[in-house]
Amino acid sequence: ALPRVPCLENAAINLRRCWGGLYDVSPDHHAIVGLAPELEGFYICTGFSGHGIMHSPAMGISVAEMILKGTSETLDVSSLS
């Protein structure tokens, strides 16, 4: 970035206050998981509000079951549809 914005050479960066990435939040602060009603065969698994990395193993299994079996058998995620 220095060739484009030379003043950054002396910029202080506080790594404790920096954050980068997507922080998706649904209106009710719960994930949205399930088949999209508007698009046939399109599954949604989003809105984990920063907890996606913790929930991804379980959601991966749930979405895989939804795709292969039509429903999530391991976890009941119907309230997240």
Side-chain angles (χ1 to χ4, degrees):
L2 290 177
R4 293 189 181 266
V5 188
C7 66
L8 289 178
E9 184 173 5
N10 298 320
I13 299 174
N14 184 344
L15 295 177
R16 292 181 184 194
R17 299 203 63 186
C18 293
W19 180 85
L22 180 64
Y23 193 82
D24 49 354
V25 180
S26 63
D28 64 357
H29 297 277
H30 292 287
I32 300 169
V33 180
L35 194 57
E38 305 88 7
L39 201 56
E40 185 177 342
F42 188 84
Y43 289 81
I44 298 170
C45 187
T46 190
F48 290 92
S49 306
H51 296 92
I53 194 72
M54 292 181 277
H55 298 166
S56 61
M59 290 299 101
I61 291 170
S62 294
V63 173
E65 290 175 349
M66 293 161 101
I67 293 169
L68 296 173
K69 302 175 182 181
T71 186
S72 175
E73 296 174 353
T74 303
L75 293 170
D76 179 10
V77 294
S78 60
S79 65
L80 302 175
S81 65

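Basis for what follows: all heavy atoms, side chains included, without hydrogens, waters or symmetry-related copies. This chain uses plain numbering: 1 for the first residue, then up along the sequence.
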Set of residues satisfying side-chain contact (heavy atoms from CB on, under 4.5 Å) with respect to [X], sequence neighbours excluded:
X	answer
Ser56	none
Leu8	Ala1, Leu2, Val5, Ala11
Ile67	Tyr43, Val63

Distance-only donor-acceptor pairs under 3.5 Å for side chains of residues 27-35, two or more places apart:
unit_1	atom_1	unit_2	atom_2	d
Asp28	OD1	Ser26	OG	3.0
Asp28	OD1	His30	N	3.0

Val77 vs Met59 side-chain heavy atoms within contact, under 4.5 Å:
yes
Glu73: salt bridge (charged side-chain N to carboxylate O under 4.0 Å, His left out) partners, not counting sequence neighbours
Lys69
Checking side chain to side chain contact (heavy atoms under 4.5 Å, CB included) between Asp76 and each of Ser72, Ser78, Ser79, which is the one that passes?
Ser78
Listing request: all salt bridge (charged side-chain N to carboxylate O under 4.0 Å, His left out) pairs with a residue in residues 47-60, at least two apart in sequence or in separate chains.
none
When you look at CG of Leu39, are more than 12 heavy atoms from neighbouring residues, nucleotides or ligands closer to it than 6.0 Å?
yes
With a 4.5 Å cut-off on side-chain heavy-atom distances among I, L, V, M, F, W and Y, is there a chain of contacts connecting Ile61 to Met66?
no
